[in-house]
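To find a chain, count down the sequence lines: A is the first, B the second, and so on, and within it residues start at 1.
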Amino acid sequence: MEKEVYSLCFMCSSRCPIKVLVKDGQVKWIEGSPHVAGMEGSLCPRGAAGIALLYDSQRVQSPLIRDGERGSGKWRKAGWDEALDYVAEKLKAVIDQYGGHSVALGERAQLATPVSKTFMKAIQSPNHFTHESVCKGSLNTASRSLFGVSDAQIGIDYKNTKHIILYGRNIFETIEVKGVNGLMDAVERGAKITYIDPRVTVTATKAHRYWRIRPGADLALNYALIHVILKERLYDAEYVDRWVLGLAELQDFVRSFTPEWAEKETGIPSAEIVSLSREVSRDKPAVIFHFGWRASSHLNETYMRRSILILNALMGSVEAAGGLFFKKGPGEVGAKPARALTAQEFPRVDLPRFDQVGTPKFPLPDPGHGVAQMLPSAILNEDPYPLKGLIAFRYDPLFSIPDIRTTKKAFDKLDLIVTIDINYSETAWYSDVILPESTYLERLDCIQQANGLKPQMFLRQPAVTPRHNTREGAVILKEIAERIGTGAYFPYETMEELVRWQLEGTGFSLEDFAAKGFVTYTDRPIFWDRKDGIKFKTPSGKIEFASSLLENAGFESFPECEPVAPPPENQFRLTIGRCALHTHISTQNNPYLNERVSENVLWINTERAAALGIKNKDLVEISSNCGSGKIKAYVTDLIHPEAVFMLHGFGHQAALAARSFDKGLADGILQENVTDMVGGSPALQHSFVSVKRV
Amino acid sequence: MSKYYLFQDRKRCIGCYSCTIACKSNKNLLTGPKPVDIIPIGPTFIDGTPRAAFVLMPCFHCEDPWCVAVCPTGAVQKRTKDGIVFVDHALCIGCKSCMSACPWGAPQWNPETGKVVKCDYCKDRLDAGLKPACATICTTHCLQFGEANETPDVRRERYAREMVGL
Ligand code: SF4
Ligand code: SF4
Ligand code: SF4
């Protein structure tokens with residue numbers, strides 16, 4: 001028996017549409033959906049390794065209850081009823097003693113997120129948070145300060161661009177398939193790539209212009225670009241006059257940031273800064289200053305990301321073909337989105353969040369995501385109140401929040417840690433109970449409402465039945481809810497019932513997804529009229545260079561730009577990043593991906609290494625204020641002398657994930673947990689480290 | 001020569017290894033053998049600009065293949081209808097002769113079966129009317145597969161573009 005199933009990948013967070021070939025109940029082949037332009041069969045290496053996840057004997061195969069010290073790796077297998085009863089009993093005890101708000105749930109924003117949010121609202125806890133802050137919380141805030149909507153509502157029209165400027169956005173190694181193909185097509189038609197990074201990446205090798213910038217100096221560079229663009233009147237004057245608030249203030253502000261000043265800060269020759277400004281202005285508005293994904297590097301991140309978005313606005317590229325666009329929802333064509341569980345009536349919660357987001361202490365980050373890295377201090381200081389329970393849902397706070405040692409100390413104060421995951425994440429390994437989730441190939445998931453130039457809905461459909469004793473996350477949460485007395489908020493027994501409930505009133509049915517895996521509300525891409533029709537959601541209805549969001553919260557729109565501190569003598573700035581073969585912390589144990597990249601190494605500049613007596617492949621000790629560890633050195637000319645670099649996601653300590661166990665070093669051991677208090681991101685590249693041969 | 005070609009447009013290749021993983025996955029191979037590999041060259045600075053190349057190393061399905069000539073059991077064969085060189089696993093005794101004979105290291109050792117595995121242009125997929133695994137999945141569509149006698153313009157254009165470096 002052979003069948004084809006259309007579904008959505010989940011080897012990273014991009015959710016690429018896939019076609020899965022199943023024979024006799026076994027997945028034989030996965031490829032990108034032939035029905036989606038830009039995919040047409042293609043998949044990135046992580047997607048290609050999806051079968052290996054499904055058939056991996058080293059993933060969690062049944063519920064496990066801890067049977068020794070936390071982190072000792074001593075588990076006993078349990079049936080679902082036993083494990084769920086155990087979780088419910090402990091959770092109930094925490095809620096009865098400390099209140100529902102003493103429970104936090106952290107997850108990777110995913111298709112079942114509305115279910116987790118419902119779970120938390122039902123127990124009257126404001127403490128739902130996502131991985132977002134440690135990725136791009138400050139970008140989210142920057143985008144709202146300018147456009148009134150978060151960056152998640154902004155799309156990028158790679159295919160039609162004439163020039164894209166990438167700030168460490170290593171687009172060809174942190175692959176989103178459609179985007180990569182769109183950009184490749186544009187390049188074949190003559191588009192230019194400018195790539196800015198202290199380190200040479202694959203993207204740098206494909207770029208037309210590569211600038212090896214001093215680590216942390218991107219903001220200075222951008223102020224100089226803005227300086228030139230305004231001084232030489234290279235901007236789209238008609239667009240800016242119509243849509244921008246605060247141009248005069250910006251003009252005053254950037255007057256002193258000359259290219260010559262920026263040359264000293266960035267190491268990029270002033271003449272080149274001037275020539276890029278002129279070059280992009282000739283291609284406007286089909287220009288993309290890419291706002292990035294991993295926008296959590298430095299303490300000034302909000303202003304750095306604002307400066308990128310401001311450059312787009314000056315080019316008139318916002319809501320232009322070949323630039324940025326606002327994602328359109330079904331409302332745009334008078335249609336209805338899928339129903340969300342979160343639309344139900346819930347009891348009111350008047351307490352602040354654990355991270356104090358939304359209070360005067362921390363007014364601006366998106367409360368829809370919260371700020372993950374505040375978790376350790378909230379637990380340790382019981383500020384604003386004691387936190388006693390944590391549910392980690394396909395998210396690994398222990399490994400993704402900086403300063404792992406402190407996070408562990410905080411976790412030791414919790415009465416209950418529950419992990420819902422496919423793999424042994426670090427948090428799972430440190431949990432009291434692991435509730436194993438079925439992989440994306442084994443489960444039906446909530447509807448994906450995909451807004452874009454054309455609003456669409458996608459569905460993750462199961463290709464095979466679960467191989468092990470695993471369940472869907474949305475069903476696991478419902479089962480816990482029933483046991484603690486909040487089951488009424490979950491009006492479904494199975495995922496199919498949930499999806500049918502979601503689709504009610506949309507005019508589409510579950511069966512409509514069988515043929516291609518998605519449905520489209522309209523065939524025509526929707527661009528708003530650039531003269532009059534762009535619906536900026538700011539109070540002024542314009543792009544707010546002078547931002548009411550920032551200023552009402554007591555922050556300046558244009559604070560002084562501090563020079564970038566060089567590392568102290570004999571130290572380096574620790575920079576991190578990704579490669580094409582791994583997603584965050586979650587894929588290192590995949591047999592295929594692990595075979596290609598099984599550990600991380602420390603990139604260090606040749607001359608600096610020579611001065612420290614370090615040769616290629618030497619084992620070195622790297623240490624910061626928070627901790628230290630050992631890693632192999634990769635001595636190279638391909639990195640700026642002020643920086644060292646390591647891939648994120650290695651140094652796993654979960655012994656049952658044997659392929660990745662103890663391979664390489666976790667960056668979180670070294671990073672200090674410091675936060676951009678405007679936008680909400682941790683400054684993951686703020687820490688200085690020393691390196692010595694061992 | 002084989003009837004087919006597998007062309008890699010190196011301007012588009014990003015060295016992501018999707019092709020090599022798809023190949024293994026399709027052949028149900030665990031870690032170890034890589035019937036097709038990508039060899040990264042660089043990055044290195046050329047005229048001050050960083051450049052790298054990712055070179056596809058499949059089997060070339062030679063005209064007069066040494067791997068076929070040295071195989072003592074006749075396991076390595078050249079398919080008459082289209083020139084595809086493949087290993088008949090029922091006949092392979094794991095002597096590794098083909099592995100030493102092939103100048104390109106194309107035949108690979110599969111420790112799980114104790115036999116050799118090599119690129120066979122996914123002949124089962126071809127016979128079912130599909131493209132090879134690697135060319136289907138390649139992230140950037142830079143792998144083009146086709147019949148040599150119907151050389152599509154796109155291949156000529158891409159060769160030309162690569163030669164002038166644009
Ligand atoms: S395995 Fe080597 S010798 Fe045999 S056909 Fe392929 S490239 Fe030629
Ligand atoms: S054609 Fe098939 S066997 Fe040959 S390299 Fe590509 S995927 Fe592997
Ligand atoms: S999948 Fe395509 S882009 Fe990636 S390495 Fe293979 S040939 Fe290159």
Side-chain angles (χ1 to χ4, degrees), chain A residues 19 21 26-32 34 38-52 55 171-173 175-177 180-181 183-185 187-188 190 195 199-210 212 579-581 590-598 636-638 659, chain B residues 9-34 37-38 40-54 112 122 124-125 128 130-143 145 154 157-158 161-162 165-166:
Chain A
K19 183 171 97 174
L21 185 73
Q26 303 272 310
V27 171
K28 290 292 175 199
W29 176 244
I30 306 173
E31 66 182 56
M39 301 290 306
E40 291 132 352
S42 51
L43 266 191
C44 82
R46 298 157 302 174
I51 299 181
Y55 295 109
I171 198 160
F172 297 132
E173 280 186 276
I175 302 163
E176 181 245 325
V177 175
V180 166
N181 277 313
L183 183 54
M184 281 291 178
D185 293 347
V187 168
E188 283 185 355
Y195 184 71
R199 181 178 74 107
V200 171
T201 63
V202 169
T203 309
T205 69
K206 296 278 168 191
H208 301 87
R209 182 192 273 106
Y210 166 64
R212 188 175 82 169
C579 67
L581 288 132
N590 180 291
Y592 288 148
L593 302 174
N594 181 277
E595 183 180 19
R596 283 291 174 186
V597 180
S598 58
T636 175
D637 289 335
L638 303 173
R659 291 174 212 107
Chain B
D9 176 1
R10 281 203 281 278
K11 286 272 152 199
R12 255 184 112 101
C13 177
I14 54 176
C16 67
Y17 297 100
S18 219
C19 50
T20 74
I21 290 172
C23 173
K24 287 170 70 105
S25 178
N26 179 55
K27 290 202 171 328
N28 204 9
L29 298 171
L30 286 180
T31 45
K34 301 178 182 81
D37 207 351
I38 293 280
I41 306 294
T44 180
F45 286 92
I46 296 176
D47 298 334
T49 312
R51 289 290 172 251
F54 305 98
E112 262 209 303
C122 293
D124 297 346
R125 283 179 65 94
L130 300 168
K131 277 195 293 182
C134 56
T136 304
I137 261 200
C138 168
T139 303
T140 62
H141 297 300
C142 80
L143 287 186
F145 185 84
V154 53
E157 190 196 310
R158 285 193 168 142
R161 204 184 306 121
E162 191 164 307
L166 274 174

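There is no contact between A135(B) and chain A, counting heavy-atom distances below 4.5 Å. Interface remark: A49(A) contributes backbone and side-chain atoms alike to the contact with chain B (heavy atom separation under 4.5 Å). Using a 4.5 Å cut-off between heavy atoms, L183(A) makes no contact with chain B at all. For C16(B), the parts sitting under 4.5 Å from any heavy atom of chain A are the backbone and the side chain alike. Within the 4.5 angstrom heavy-atom criterion, atoms from both the backbone and the side chain of D185(A) approach chain B. For E40(A), the parts lying near chain B are the backbone and the side chain together; criterion is any non-hydrogen pair under 4.5 Å. Contact annotation for K131(B): neither backbone nor side-chain heavy atoms come within less than 4.5 Å of a heavy atom of chain A. Interface residue A580(A): only side-chain heavy atoms are found under 4.5 Å from chain B.
Taking both residues in full, the closest heavy atoms of F45(B) and D637(A) are given as CE1-O, 4.1 Å, listed atom of the first, atom of the second, then distance. When all heavy atoms of S25(B) and Y592(A) are compared, the pair lying nearest together is CA-OH, 3.6 Å. Nearest approach of P50(B) to V200(A), heavy atoms of both residues: CB-CG1, 3.6 Å.
Counting only heavy atoms from C-beta outward, the side chains of H141(B) and M184(A) never approach each other to under 4.5 Å.
Taking CG of L130(B) as the reference point, atom CD of E31(A) lies at 7.5 Å (rounded to 0.5 Å). Between L43(A) atom CG and C19(B) atom SG the span is 12.5 Å, to the nearest 0.5 Å. The line from OG1 of T205(A) to CD1 of I46(B) is 10.0 Å long, rounded to the nearest 0.5 Å. Put simply, OG1 on T49(B) and OH on Y210(A) are 11.0 Å apart, with the number rounded to the nearest 0.5 Å. Remark: R12(B) CZ to N181(A) CG distance equals 5.5 Å, nearest 0.5 Å. Rounded to the nearest 0.5 angstrom, T139(B) OG1 and F172(A) CZ are separated by 11.5 Å.
By number of non-hydrogen pairs under 4.5 angstrom with chain B, the leading residue of P34(A), A52(A), P45(A) is P45(A). Counting heavy-atom pairs closer than 4.5 Å to chain A, the top-ranked of the candidates N28(B), L29(B), T44(B) is L29(B). Counting heavy-atom pairs under 4.5 Å between each of G190(A), G38(A), C44(A) and chain B puts C44(A) at the top. Here L638(A) is the residue among V177(A), L638(A), I30(A) with the most heavy-atom pairs under 4.5 Å with chain B.
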**OP:** Decide yes or no on side chain to side chain donor-acceptor pair (under 3.5 Å) for R596(A) and T20(B), but give the supporting numbers first.
**Re:** CA-CA 10 Å; R596(A) 283 291 174 186; T20(B) 74; 3.2 Å; yes
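S42(A) contributes no side-chain N or O that, together with a main-chain N or O of I137(B), makes up a donor-acceptor pair within less than 3.5 Å. A distance-only check finds no donor-acceptor pair linking the side chain of K206(A) to the backbone of A52(B) [under 3.5 Å].
Here E188(A) does not pair with K11(B) in a salt bridge; the nearest charged N to carboxylate O distance is not below 4.0 Å.
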